[in-house]
Amino acid sequence: LLDGAKKSSSSAEILPGVTHLLLDEVHERSSEFDLILLFLKQYNLGGNHSSSNLSVTLMSATVDPEAFQSYLPGLKLVSVEGRSYPVSRHYLEDAVRDTNYVEHNQPTGRAA
């Protein structure tokens with residue numbers, strides 16, 4: 001993305017041939033993701049006021065969508081209802097206990 005941005009002054013030429021940009025798990029912030037957001041804002045890509053044909057989709061089950069809408073004006077919000085499933089943690093010790101696993105000592109040397 002950034003190499004293309006350096007070489008082009010027109011937002012329509014920033015990402016030639018790219019029509020869709022999908023970013024999943026946007027709530028897991030990283031420096032790479034922040035750079036992509038900065039890039040999108042700088043070149044006004046993906047919103048209603050964009051001069052490019054780029055469609056940007058930001059996905060997350062837990063993010064506050066208004067924060068992204070205020071940073072990138074023109075983004076549309078689509079909410080998909082889902083289910084929340086309970087999460088339980090299982091450790092190796094639990095699996096050993098639950099399966100009645102018994103370790104058999106293996107010979108440590110080579111067979112002659």
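The chain is numbered in sequence order, starting from 1. Owing to the predicted nature of the structure, the values given are computational and were not obtained by experimental measurement.
Residue L23 holds its CG atom at 7.0 Å from CG of L40, rounded to the nearest 0.5 Å. Once rounded to the nearest 0.5 Å, the distance linking CG of L37 with CZ of R29 reads 7.0 Å. Atom CG in L58 sits 10.0 Å away from atom CD1 in I36 (nearest 0.5 Å). Between the NZ atom of K41 and the CG atom of L72 there is a distance of 6.0 Å, given to the nearest 0.5 Å. Note: E93 CD to D98 CG = 11.5 Å, rounded to the nearest 0.5 Å. From E66, atom CD reaches atom CG of L77 across 7.0 Å, with rounding to the nearest 0.5 Å.
Counting all heavy atoms, side chain and backbone alike, V63 lies closest to F68 at CG2-CE1, 3.1 Å. K76 approaches Q69 most closely through the heavy-atom pair C-NE2, 4.2 Å.
Between F33 and L38 there is no side-chain heavy-atom pair separated by less than 4.5 Å.
Between the side chain of D94 and the main chain of Y91, a donor-acceptor pair closer than 3.5 Å is present.
F39 and M59 are members of different hydrophobic clusters when ILVMFWY side chains are connected at heavy-atom separations under 4.5 Å. Hydrophobic clustering (side-chain heavy atoms under 4.5 Å, transitive across Ile, Leu, Val, Met, Phe, Trp, Tyr) groups Y101 together with L92.
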